[in-house]
Amino acid sequence: MVRFILRRAALGLLVALTVMTLAFMLTRLSGDLAISIAGPGATQEDIEIIRKAYGLDQPLYIQFASWISRALVGDLGNSYFFKDSVSNLIAARMPITMTLGLVGLGLALLVSIPLGTLAAMREGTWVDRAVTVVTMIGQATPSFWFGLILMITFGLTLGWLPISGTGSWQHFVMPGIVLAMTATPALTRLTRSGMIEAIASDYIRTARAKGLTRRSIIFKHALRNAAIPVVSIAAVQLGFMLGGSIVVETVFALHGVGFLAWESIAKNDFPVVQAVVLVLATIYICLTMLSDILNALLDPRIRST
Amino acid sequence: MSAPLLEIEDLSVTFNERMAAVRNASFRIGRGETHCVVGESGCGKSVSALAVMNLLVSAAKRTAKRLSFAGEDLLAMPEKRMAQLRGNRMAMIFQEPMTSLNPAYTIGSQLTESYRRHKRASQRDATARAVKLMGRVGITAPEMRLGQFPHQLSGGLRQRVMIAMALMCEPELLIADEPTTALDVTVQAQILRLLNELKDEFGLSILLITHDLGVVARVADSVSVMYAGEVVEHTTARQLFADPQHPYTRGLLSCIPVPGKSQRDKPLGSIPGVVPQVSVGFSGCAFRSRCAFADADCAGTINTQTATADHNYLCRLTPTRQKELARA
């Protein structure tokens, strides 16, 4: 198990390095940073001063090396616009994004596991088909549009929920639902197919031959096996959701990391953009690792290798 | 003989109301008796067994004139009561020991759960019984095995676990569906010997499904030969080998090499063709497409014939007549 975790960690580190390289390259591709920082109306001299001040006059590989070496010790540089360290900016906003992501994932699991199980138990009936149709509609709905519809309905018309901000738990309900909707279809289908496979398996026939209750057969024997891929995909989905929260946070004006990323991209605040990409990628890598570990904990066949 | 433990009369199973998997099968199993159902793949052996346990898939429909277990009518029995019998008074083991155990739970947890459910026993009592039975079925270091997962065990061990699991609640009937087919020959022999011992020790009745007449010879008291969903011959094991009546049974027997009898330079017997899929409403003898003696009359209704008191078969022709035809 320890070797298993170490191997995954080494792999994760390589992925993180790749992501850092890509993030660095992409921000440099988006034009001359000195010009955009200086803003319109700046003289050639101003631009040169800025270029020197931010070290943008140095060769790319030196810029890259200095960013990497500082990032490795936790120094992500300073924002050009917020006049604060990038680490502080992200740390202040991370709780909001994390809360949103976990609420979204929780809701998604709460809906998709019962829905997928129900569809599998009624395979081929109208219940199953209805579940398929609903998940397909969910998959096809853009989250910003769904967010706005919710806002109009529950925020403005009914006045049940606040439409923007982060003051209370109610503020997270609608963004959480929107985020959950992005993950629910995949998790539902995965639960359904896993359950169908499990129900048709020999060990379920054995469980039935043992005279166990229907509840024990479905929930103890079948769901336990069907849940293995669902749990690992759920962890990965949380990573997607943190990325997807850029849209949701913007729509609901939640000042989380996603909102910060959106602002910084618009302003070419590349230390922040690089750092957000790095942090989200690192979280994503950790979640993938966590998913593998969870997978191993749930599946004894993987655990012992 | 006292009243039989399991009585099956005119059992039929259809799939999607089109395919007839079992057609008017009848046999009975006495207490402490081993009854073998033998036939090629797709003859309806497993389906018959699942029909007794009421474990058929939902596309299958079961009908019978009579289906009773220890005097109780299984046909009218509600599922809830049936679930109380399953794993308790009638247990089943399967052909695939590799996949029949749940990969996510330990051997101990899977062994004890039916005992805890049916006997309302504590985990400690159930574990003690599991350890005892594991030892009985020849599993070494049973305490250690309790915490292991199925994938850590060999096929032979898993089948022993399945047998121990089936015996947990001291069932009266054990249904074994090809229990040795997936195992090595040496393990196969051990398992069959074990089943024989357990039968005497626990007074078990065993319904054993196999395609292997060698297995029948080792364990069976009585035999049903099934073909295309029908029981074509029903008799004692001794009678079956001494005086087979049905051309299909004789064909099956001719496929087995007998030391000293079979000659090296002569081919072994074989039955050309495969078992046909029979649909609902099929009439006549299903074996006629592969039978050397078949003629136009075989498409008509075939009546059961009796050779001796406990030996009947489903063919128009007596063995004497078959021999005449073979010579001609």
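These values consider heavy atoms only, across backbone and side chains, with no hydrogens, waters or symmetry-generated copies. Each chain gets a letter, A, B and so on, in the order its sequence line appears, and its residues count up from 1.
B:Arg86 places a side-chain N or O within 3.5 Å of a backbone atom of A:Arg208 that can act as its donor or acceptor partner. Although no hydrogens or angles enter the test, the distance criterion places no donor-acceptor pair under 3.5 Å between the side chain of B:Lys119 and the main chain of B:Ser114. In this structure, B:Lys45 contributes its side chain and B:Gly39 its backbone to a donor-acceptor pair below 3.5 Å.
B:Tyr105 is listed as a side-chain neighbour of A:Arg224, based on a closest heavy-atom distance under 4.5 Å.
Interface summary for chain A: among B:Gln84, B:Glu113, B:Met53, the most heavy-atom pairs under 4.5 angstrom belong to B:Glu113. Heavy-atom pairs under 4.5 Å with chain A peak, among B:Cys169, B:Pro171, B:Pro103, at B:Pro103. Interface summary for chain A: among B:Arg117, B:His118, B:Met92, the most heavy-atom pairs under 4.5 angstrom belong to B:Arg117. Of the listed residues B:Ser100, B:Ala104, B:Ala83, the one with more heavy-atom pairs under 4.5 angstrom with chain A than any other is B:Ser100.
There is no contact between B:Met168 and chain A, counting heavy-atom distances below 4.5 Å. Both the backbone and the side chain of B:Leu55 come within contact range of chain A, each with at least one heavy atom under 4.5 Å from a heavy atom of that chain. Proximity to chain A (any heavy atom under 4.5 Å) is shown, for B:Met82, by neither the backbone nor the side chain. Using a 4.5 Å cut-off between heavy atoms, B:Glu79 does not touch chain A at all.
The nearest pair of heavy atoms linking B:Arg28 to B:His35 is O-ND1, 4.1 Å.
At a threshold of 4.0 Å, the pair B:Arg158-B:Glu96 does not count as salt-bridged, since none of the basic side-chain nitrogens sits closer than that to a carboxylate oxygen.
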